[in-house]
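Structure, as structure tokens:
Hydrogens, waters and symmetry mates play no part in the numbers below; they use all other heavy atoms, side chains included. For the single chain, residues carry numbers from 1 onward in sequence order.
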Amino acid sequence: MAYQLTALGISVLALLRQRPMHGYEMLQTLVRRQADRIVKLRPGSLYHVVDRLTEEKLVRRAATTRAGNRPERAVYEITDAGAEALGERVRELVATPGDEFPQFVAALAAIDTLDLDAAANAVDDRVGALEARAAEVMALRDAGVTPSVGYQVAFDYLLAATRAELSWLRGFADSLRSGRQTAVLDTARRDEVGR
């Protein structure tokens, strides 16, 4: 099976499309752009991805630099194959919805294991956390922290998705409190006990 670019791999290749960089510079640039809101970003993971991209000949070592007493640093650049793989993977991910299996959906599938008050309170807690996250993303976006159009689009999408989730959660919390969901949850509990 051919190597499939991960989200972090896409981010690294997109950076190297702009210009060659060493690993630490890639990490700092992604942190500065708030990429950790888009991809899981850890130094060890980044260096592992760079090694893998090198093995796959999607990036190559362009130079080795040294500044002062610091250790030598390998500077990487994207290859033609890397640019092609990046374009193909981005097109594929944008065009084709995938099964992402979020943990939240798994928790919703088991929400009938909570009593009604606990379920409603958990939903309220999630609403509060998402409201705070949306405010942070909006502030970052509006402050111009993300210089590229792609990051602006990604942040706009995150805001839209968060707002949609908030709308659904508020309605769900209201239905829990009003008793509309009580019958559904009670029926699910009876079905489980009866098996």
Side-chain angles (χ1 to χ4, degrees), residues 4-18 21 23-50 86 89-178 180-182 184-185:
Q4 192 170 66
L5 284 174
T6 64
L8 186 54
I10 290 168
S11 296
V12 167
L13 288 177
L15 279 180
L16 294 178
R17 236 181 111 235
Q18 296 170 0
M21 294 183 197
Y24 185 72
E25 184 180 12
M26 287 181 231
L27 179 65
Q28 293 303 93
T29 303
L30 290 170
V31 167
R32 189 174 51 255
R33 292 181 180 178
Q34 303 292 317
D36 57 334
R37 295 181 180 276
I38 300 168
V39 299
K40 191 171 188 175
L41 185 58
R42 305 255 191 279
S45 299
L46 181 118
Y47 290 108
H48 175 75
V49 164
V50 170
L86 174 64
R89 185 70 172 140
V90 169
R91 270 190 300 280
E92 175 189 343
L93 289 173
V94 169
T96 311
D99 294 324
E100 296 176 4
F101 306 107
Q103 291 180 336
F104 175 61
V105 175
L108 283 176
I111 200 161
D112 61 327
T113 63
L114 301 176
D115 67 54
L116 212 48
D117 286 336
N121 290 336
V123 171
D124 289 342
D125 290 346
R126 186 176 184 89
V127 165
L130 286 173
E131 286 172 339
R133 183 180 298 166
E136 288 173 13
V137 171
M138 208 175 334
L140 290 169
R141 183 198 62 188
D142 295 346
V145 172
T146 55
S148 78
V149 172
Y151 275 84
Q152 289 289 330
V153 169
F155 276 28
D156 285 345
Y157 172 79
L158 288 174
L159 282 170
T162 301
R163 288 176 179 144
E165 184 176 347
L166 281 166
S167 176
W168 185 87
L169 286 167
R170 288 182 184 119
F172 182 56
D174 288 347
S175 70
L176 286 170
R177 289 206 167 77
S178 70
R180 291 190 306 266
Q181 286 294 328
T182 305
V184 173
L185 294 177

For a side chain to side chain contact (heavy atoms under 4.5 Å, CB included) check, start with the C-alpha distance between Leu16 and Met26, then their side-chain angles and the critical distance, and finish with the verdict.
CA-CA 8 Å; Leu16 294 178; Met26 287 181 231; 4.0 Å; yes
Write down the atom of Arg37, the atom of Leu158, and the distance for their closest heavy-atom approach.
O-CD1, 3.6 Å
The salt bridge (Lys or Arg N to Asp or Glu O under 4.0 Å) partners of Arg133 (sequence neighbours excluded) come to none
Within this structure, what is the CZ-CG distance for the pair Phe104 and Leu130, rounded to the nearest 0.5 Å?
8.0 Å
Out of curiosity, Leu15 CG to Leu46 CG, how far, rounded to the nearest 0.5 Å?
8.5 Å
Report the distance from atom NZ of Lys40 to atom CG of Asp36, rounding to the nearest 0.5 Å.
12.5 Å
In this structure, are over 12 heavy atoms from other groups packed under 6.0 Å from Tyr24 atom OH?
no
Under the criterion side-chain contact (heavy atoms from CB on, under 4.5 Å), which of Thr162, Asp142, Leu159 is the partner of Val137?
Leu159
Using 0.5 Å steps for rounding, measure from the NE2 atom of His48 to the CZ atom of Arg42.
14.5 Å
Is the number of heavy atoms from other residues, nucleotides or ligands under 6.0 Å of Gln103 CD greater than 12?
no
Are Leu27 and Leu41 close enough that some pair of their side-chain heavy atoms sits under 4.5 Å apart?
yes
Listing, residues 6-14 side-chain donor-acceptor contacts under 3.5 Å, not counting sequence neighbours, or none:
from: Thr6; atom 1: OG1; to: Gly9; atom 2: N; distance (Å): 3.0
from: Ser11; atom 1: OG; to: Ala7; atom 2: O; distance (Å): 3.2

Can any side-chain N or O of Ser167 pair as donor or acceptor with the backbone N or O of Ala164 at less than 3.5 Å?
no
For residues 116-129, tabulate all N or O donor-acceptor pairs below 3.5 Å that involve a side-chain atom, not counting sequence neighbours.
from: Asn121; atom 1: OD1; to: Arg177; atom 2: NH2; distance (Å): 3.4
from: Asn121; atom 1: ND2; to: Asp117; atom 2: O; distance (Å): 3.2
from: Asp124; atom 1: OD1; to: Arg177; atom 2: NH1; distance (Å): 3.3
from: Asp124; atom 1: OD2; to: Arg177; atom 2: NH1; distance (Å): 3.1
from: Asp124; atom 1: OD2; to: Arg177; atom 2: NH2; distance (Å): 2.3
from: Arg126; atom 1: NE; to: Glu165; atom 2: OE2; distance (Å): 2.7
from: Arg126; atom 1: NH2; to: Glu165; atom 2: OE2; distance (Å): 3.0

State, yes or no, whether a side-chain contact exists between Gln4 and Glu92 at a heavy-atom distance under 4.5 Å.
yes
Taking atom CZ of Arg17 as the centre, report whether more than 12 heavy atoms of other residues, nucleotides or ligands fall under 6.0 Å from it.
no
If I compare all heavy atoms of Pro97 with all of Ala95, which pair ends up nearest, and what's the gap?
CD-O, 3.6 Å
Test Leu114 against Ile111 for side chain to side chain contact (heavy atoms under 4.5 Å, CB included), laying out the working first.
CA-CA 6 Å; Leu114 301 176; Ile111 200 161; 4.2 Å; yes
Working to the nearest 0.5 angstrom, can you tell me the gap between Met21 CE and Gln28 CD?
11.5 Å
Kindly assign one of parallel, tilted or perpendicular to the pair Tyr151 and Phe155, based on the angle between their ring planes and the thresholds 30° and 60°.
perpendicular
